[in-house]
Amino acid sequence: MSFDLVLFGGTGDLTWRKLMPALFQAFRHGSLPGGGRIIGVARDELSDDGYRELIQSRFEAVEGAKRPTPEEFKKFAALLYYQRMDLSRTEDYAKLAELLTQRDASTVVMYLATAPALFTQVVEQIAAAGLNGPKTRVVLEKPLGHDLASNRAINKAVCKVLAEHQVFRIDHYLGKPSVQNLFAMRFGNALFEPIWRREHIANIEITIGEDLGVEKRGAFYDQTGALRDMVQNHALQLVCAIGMEPPINAHADAIRDEKLKVLRALKPWTPEAIGLHAIRGQYTAGTAYGERVQGYRDEPGVDPESRTETFVALRTEIANWRWAGVPLYIRTGKRLASRDAHIAVNFKPTPHAIFRAPTNAFNKLVINLQPKDGLELHMLAQAQDGRHRSNNGHRYAGPQLAPVQLDLDFDKRFGSERVGAYERLLLDVIDGRLNLFVRSDEQEEAWRWVEPLIDSWASDGPPRPYAAGTWGPSASSAMIARDGFAWSEEL
Ligand code: BG6
């Protein structure tokens, strides 16, 4: 099978940081189908060789084993081509069409790694140039719009010229091995299913913490914020993976149908619920990696008066028979205490206690997503026997339980150099596998759910400040404490 992969935004940030490294790894692993071309598209005046040199110079900055050797790069460079284009000019699409017909590859992938404001225009021009035939697949990077209306407008324009199965909406969290493991854990094992419900689960916590600040993306981030950047997509996809019913098979639409039902079942926001159960914060100066770091408003590209949130904590519920009444906590932010993404499923305590056990030490399943990838099952075991002194000084007999955990480390078990998220997703696009991509109705439903928060925060005061290097504003702990629970690091 031959392919042409056209990278719109071929000299942009995403191409350098994610796409080229992922394509190179796929090439190195021998998983890129032979006879393919990777065609960078941008405005710059460059020849094919000039583009290859540019990419080589970027790879030279890569450290460690991910950096290609000169021999490897030479072979990889043979796949690289460049096409200068002004994306507003019809003639330039005609030139692209000419380049693509030279080879007549069996699959043509158009990867839109450009500003989302250009998506509609590019897709319409692709169609006008006759490049939307059955062998074309279009990849759309997030963010797909900035609210429900703009998301719908993009989807409408795209669906006018392409069938849904030709559209690959990326949420790179779905490409992470740890997230695929979550599906494997739930639907490849019978063990958890009987207890995966409100009768046994006290609450679920999803944390996606980043220790980095906004880095060089201040201007973009200031227009976006944590709700749009992380919650509407990555966090809600995790909610789906945790909360969905078992699909009837592993085909894309069977999976996406079930995910959609979860999104539809999320409790709608009311003004009271927003006041109580939606906390937003913004980092101020603090400490990261043992060094003093500046606050968000001092970051380059950020408005010094900015009201953009860099932290969000929410309490919601999946209102259906399986989950009604189980609090679902979602938390994400920049410049938090550590880079740590995990899901903690906290089980209910025993119905009747015959042993003495530490408070707060209930059964818990922790799904670690990053930096480590694995499962921890927290249980209570009898650690010692005999007589113990109780808090009030009296001695009592009987077993004392202590928390222990089963720890399954997938990095150790399968190797930490597994196929990365972008590598997986790019190969899936080339192969036409849609399982790990988001359908338009899922995406719209996710926007619909976050929109009341966007609207309410737009007319509300500034976010709560939190010092860089902490777990966000104290209101986030207070919110969960009102239910009698605590975030996992506070236990
Ligand atoms: C991106 C966001 O989608 O995900 C970034 O735009 C964020 O702001 C990134 O840093 C996090 O991805 P990962 O894979 O590093 O957890």
Side-chain angles (χ1 to χ4, degrees), residues 203 205-235 238 274-316 327-344 360 366 368-372 450 453-454 456-491:
N203 67 77
E205 167 199 330
I206 296 178
T207 287
I208 312 176
E210 294 186 83
D211 50 2
L212 291 177
V214 289
E215 305 296 292
K216 293 183 186 138
R217 298 161 73 224
F220 158 78
Y221 194 88
D222 211 31
Q223 301 299 315
T224 309
L227 186 71
R228 291 186 175 98
D229 191 42
M230 297 296 288
V231 177
Q232 185 275 338
N233 33 72
H234 306 324
L238 295 181
I274 295 176
L276 282 171
H277 296 146
I279 310 291
R280 74 202 156 115
Q282 188 187 68
Y283 65 83
T284 56
T287 311
Y289 318 108
E291 278 177 22
R292 198 80 195 141
V293 291
Q294 62 192 357
Y296 174 70
R297 291 179 178 189
D298 296 321
E299 300 277 17
V302 171
D303 175 358
E305 307 270 299
S306 173
R307 291 181 166 205
T308 301
E309 77 287 352
T310 60
F311 173 93
V312 174
L314 305 173
R315 178 206 192 276
T316 185
L328 171 64
Y329 304 107
I330 299 171
R331 176 177 60 159
T332 184
K334 301 253 179 223
R335 282 276 187 244
L336 297 187
S338 59
R339 177 168 188 257
D340 174 10
H342 67 263
I343 302 171
N360 276 342
V366 181
N368 286 313
L369 305 175
Q370 62 191 29
K372 68 176 193 173
V450 297
L453 297 173
I454 296 177
S456 160
W457 290 348
S459 56
D460 205 1
R464 294 163 197 265
Y466 64 96
T470 65
W471 278 109
S474 57
S476 141
S477 301
M479 174 184 79
I480 187 166
R482 280 199 299 273
D483 292 340
F485 302 123
W487 295 109
S488 38
E489 79 280 357
E490 292 168 350
L491 290 173

Side chain to side chain donor-acceptor pair (under 3.5 Å) evaluation trace for Gln294 with Glu299: CA-CA 7 Å; Gln294 62 192 357; Glu299 300 277 17; 3.0 Å; yes

Worked verdict on Asp483 versus Arg315 for salt bridge (charged side-chain N to carboxylate O under 4.0 Å, His left out): CA-CA 10 Å; Asp483 292 340; Arg315 178 206 192 276; 2.7 Å; yes

Candidate pair Gln282 and Thr308, rule side chain to side chain donor-acceptor pair (under 3.5 Å), full reasoning: CA-CA 7 Å; Gln282 188 187 68; Thr308 301; 5.7 Å; no

Step-by-step side chain to side chain contact (heavy atoms under 4.5 Å, CB included) determination, Ile279 to Arg464: CA-CA 8 Å; Ile279 310 291; Arg464 294 163 197 265; 4.0 Å; yes

Test log, rule side chain to side chain contact (heavy atoms under 4.5 Å, CB included), inputs Leu314 and Val231: CA-CA 10 Å; Leu314 305 173; Val231 177; 4.0 Å; yes

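Between Arg217 and the options Asp222, Thr224, Asp229, a side chain to side chain contact (heavy atoms under 4.5 Å, CB included) holds for only Asp229.
For Asn368, the side-chain contact (heavy atoms from CB on, under 4.5 Å) partners are His342, Val366, Lys372, Glu376, not counting sequence neighbours. By the side-chain contact (heavy atoms from CB on, under 4.5 Å) test, Ala337 is found to be paired with Trp471, residues two or more places apart in sequence or in another chain being considered.
For Tyr466 against Arg335, the heavy-atom pair with the smallest separation is CE1-O, 3.9 Å. Smallest separation of non-hydrogen atoms from Leu227 and Glu309: N-OE2, 2.9 Å. Closest of all the heavy-atom pairs between Ala226 and Val312 is CB-CG2, 3.8 Å. Smallest separation of non-hydrogen atoms from Pro371 and Asp340: CD-CA, 4.2 Å.
Distance CD1/Ile343 to CD1/Ile206: 5.0 Å, rounded to 0.5 Å. Atom-to-atom distance recorded for Ile208:CD1 and Leu369:CG is 7.5 Å, nearest 0.5 angstrom.
Leu328 has its side chain out of reach of Asn203: every pair of non-hydrogen atoms, C-beta onward, lies at least 4.5 Å apart. Inter-residue side-chain proximity for Arg482 and Leu276 is flagged as met; some heavy-atom pair is nearer than 4.5 Å. Between Arg228 and Ile454 there is a side-chain heavy-atom pair separated by less than 4.5 Å. Within the 4.5 Å cutoff, no side-chain heavy atoms of Thr470 are placed close to those of Phe311. The side-chain heavy atoms of Thr207 and Thr332, taken from C-beta on, include no pair separated by under 4.5 Å. Val214 is listed as a side-chain neighbour of Tyr283, based on a closest heavy-atom distance under 4.5 Å. Arg339 is listed as a side-chain neighbour of Gln370, based on a closest heavy-atom distance under 4.5 Å. Between Trp457 and Ile274, some side-chain heavy-atom pair lies under the 4.5 Å cut-off.
Salt bridge Asp303/Arg297: absent, no basic N to carboxylate O contact under 4.0 Å. Ion pairing of Glu210 with Lys334 is present here, as a side-chain N (NZ or NE/NH1/NH2) and a carboxylate O approach within less than 4.0 Å.
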Using a 3.5 Å cut-off and no angle test, enumerate the donor-acceptor pairs between side-chain atoms of residues 473-481 and protein atoms at least two apart in sequence or in another chain.
from, atom 1, to, atom 2, distance (Å)
Ser476, OG, Trp487, NE1, 3.0
Ser477, OG, Glu490, OE2, 2.5

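Judged by distance alone, the side chain of Tyr296 and the main-chain N or O of Val302 form no donor-acceptor pair under 3.5 Å. With Ser456 contributing its side chain and Leu453 its backbone, the two residues share no donor-acceptor pair below 3.5 Å.
Within a 6.0 Å radius of CD in Glu291, no more than 12 heavy atoms belonging to other residues, nucleotides or ligands are found.
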